[in-house]
Amino acid sequence: MKRKWASKVTFLSLSLIMSTSLLAACSKGSESTAEKHVLRLGVLYGGADNESYVRQQYTDTYEMMHKNIDFEIVSAIDYNDQRYDTPDPNGVVKQPDPFAKMKEMLTGDNPVDVVILDYSMLRRLIQDNLLQQLDPLIQKSKFDLTDYVPTVIDGIKSADDSGNIYALTPTFSSSALYYNKKLFADQGIDLPTDNMTWDEVINLASRVATGEGADRKFGLSINRWAGDGFSDVQTYAAPLQLKMWDDKGEKMLVNNEQWESAWTAVANLYKQKISPSQEDMNAWQTKISTDNPGAYNPLGSDMFLNGKVAMTIAEYGYVNEISNAMNNASKIKNFTPFDWDVVTMPTQTSKPGIGGNIYFSQLMGINAKAQNPDDAWDFVQFTNSKDWAELKSRSSYELVARKEFLKPKDGMNYNINAFTTLKPIPPQSTDTEKLQREKPGIWEAQSPGYELFQKVIKGDISAKEALQEWETKGNAVLEKLKTNPNGGTGEGVGGGGGPIVKPLDDTAVEAVPAG
């Protein structure tokens, strides 16, 4: 996992736009005359070149109002250390254990006071007693959480078996089901609604799809870019938390009814032309090039914006792209603006109310061994206050955790609650990062699944038969990894495609840790 700080929207220092009176309302001690001391803020990944971003994002304003405090930014892992390492003969650069490094930062001789962490690590930190429970502090300070988005608090509490709070987050990321009102109106079909199941959405998609060949309008694209059914299974089945292999990476776990049901459902979307395949996308773009040679299409291959797909799943930031397209419609050749809205992501019948794309990447916790626990709590309160949320709502690419300031952007009118209604998927206890570090070649056991899924789409093989074959080929790879964990066995290589388990890279909004 690597950081992508450069991809973040530059955060303007709030000190330029805040008044002293407003900031004083956010936190105590702005006129403190106490002896100056250091508050240590820990992040998971970082380096000297991104420290300025961390300060702008989190500490500059607080530090300005608290003259007795200097922040020291500490990185558990400096990504520059890996950048310049020489790969081994297999092309692998040895990666440090993120949790071990985080633990070292929290328990060393000079431990950090506050830590910014990703949701995927929260459960383990709680289980190892590395974070201070915040409930007593919240009660003592009468810190108001009544207007927190329920899915945020519920998600944080679900990381602890007793339902306690060990971290707070000022913002979060979420996805929803976007839909084109015109395409539904053209077919005389009722619009999507919140809290629909996957079966209901797929049924709706099959009804709204129409046309033939390059002129076809599709009902649903599970991802914005279409054409990758293997990865679509990840989104479809995410609440089910299906595993490809066991916790030790020694046995495949794909040959069962849950996997078969998920593969069958997603494959049918492509077989029945409800979702566009890569071939469908290519045919459509070829037609565009033939009809308008040399024409420039600023919307690219986005089939939803181009009016080719009635529904698609995308992150909250997609609102900006849609707004920009509609506002510049007169500049886009052959583009007709359309009305749109969003509803909650489809849910699995067996997991009601749980969505697949809700992430907390800016969780703030207090080290159980903090040297300055009072200042640490004051800082956490400040960055999670209503005043801070109001200002973040103007400048953040994410959603703020306070309901009061969750409003559609720029005067638009869309269902903002679609992004806040579902609960996040509880974090798994399995340390997938650890397994992939110990067995870098484990991706090779995944690769046969990609090729076999394409055969299912083409009707050459049933989902059950494909999964049986994947189990056999995958087990052969896992067996060889026992003696050669780096892989390179030749078994199953060549398929590509993304993992069904939660990916460990930092794609899109999907788990970009802020710390």
Side-chain angles (χ1 to χ4, degrees), residues 1-5 40-48 50 54 73-131 159-160 166-167 243-250 359-365 367-369 427-446 478 481-488 499 501-507 510-515:
M1 186 185 296
K2 61 178 184 295
R3 300 294 314 168
K4 294 179 76 174
W5 296 103
R40 306 188 82 225
L41 176 68
V43 297
L44 178 56
Y45 289 94
N50 74 270
V54 179
I73 311 301
V74 182
S75 303
I77 298 174
D78 188 334
Y79 51 73
N80 285 321
D81 291 343
Q82 283 77 56
R83 179 181 179 185
Y84 299 104
D85 280 351
T86 302
D88 65 18
N90 293 313
V92 176
V93 175
K94 183 175 178 58
Q95 299 294 317
D97 183 335
F99 186 80
K101 286 292 186 180
M102 177 69 81
K103 186 172 183 178
E104 179 182 317
M105 182 174 66
L106 292 167
T107 61
D109 294 336
N110 190 16
V112 297
D113 299 297
V114 179
V115 62
I116 298 174
L117 61 140
D118 180 68
Y119 187 59
S120 62
M121 194 171 283
L122 181 57
R123 179 182 288 272
R124 289 192 65 191
L125 292 175
I126 294 172
Q127 291 174 339
D128 285 10
N129 299 314
L130 296 175
L131 296 179
D160 176 54
Y166 283 84
K243 296 179 180 180
M244 281 194 289
W245 40 69
D246 64 3
D247 293 352
K248 295 182 179 180
E250 296 177 349
Y359 305 100
F360 308 136
S361 61
Q362 301 189 57
L363 286 163
M364 297 182 180
N367 186 2
K369 295 186 177 181
Q428 295 189 59
S429 58
T430 304
D431 187 356
T432 54
E433 290 186 25
K434 182 174 184 291
L435 184 58
Q436 293 199 13
R437 285 191 306 276
E438 293 175 347
K439 297 182 177 182
I442 201 165
W443 68 271
E444 294 177 12
Q446 163 194 308
L478 296 180
L481 292 179
K482 292 179 180 179
T483 55
N484 181 18
N486 288 330
V501 292
K502 183 179 178 182
L504 297 178
D505 62 10
D506 47 359
T507 55
E510 227 180 68
V512 184

Any side-chain heavy-atom pair of [X] and [Y] under 4.5 Å:
X	Y	result
Thr107	Leu130	yes
Leu122	Leu117	yes
Phe99	Asp128	yes
Asn367	Arg40	no
Asn110	Val74	no
Val112	Leu41	no
Tyr359	Ser120	no
Ile442	Trp245	yes

Can you tell me how far apart [atom1] ([X]) and [atom2] ([Y]) are? Round to the nearest 0.5 Å.
X	Y	atom1	atom2	answer
Asp160	Gln127	CG	CD	8.5 Å
Asp246	Leu478	CG	CG	7.5 Å
Leu44	Lys101	CG	NZ	11.0 Å
Glu104	Asp109	CD	CG	10.0 Å
Leu435	Leu481	CG	CG	9.5 Å
Asp97	Met102	CG	CE	11.0 Å

Exercise. Heavy atoms only: give me the nearest Gly46-Ser75 pair and the separation to one decimal.
Key: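 Closest pair (atom of Gly46, atom of Ser75, distance): CA-OG, 3.4 Å.
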
Self-check item: Shortest non-hydrogen separation from Ala368 to Asn129 and the atoms involved
Solution: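 Looks like CB-O, 3.7 Å.
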
Quiz item: Just wondering, more than 12 heavy atoms not from Lys248 lying within 6.0 Å of its NZ?
Solution: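 Counting neighbours around NZ of Lys248, 12 or fewer heavy atoms of other residues, nucleotides or ligands fall under 6.0 Å, so no.
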
Quiz item: After noting the C-alpha distance and the side-chain angles of Leu125 and Tyr166, does the key distance pass the side chain to side chain contact (heavy atoms under 4.5 Å, CB included) rule?
Solution: CA-CA 9 Å; Leu125 292 175; Tyr166 283 84; over 6 Å; no

Quiz item: Would you find a donor on one side and an acceptor on the other, under 3.5 Å apart, between the side chain of Lys369 and the backbone of Pro111?
Solution: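 No: the side chain of Lys369 does not pair with the backbone of Pro111.
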
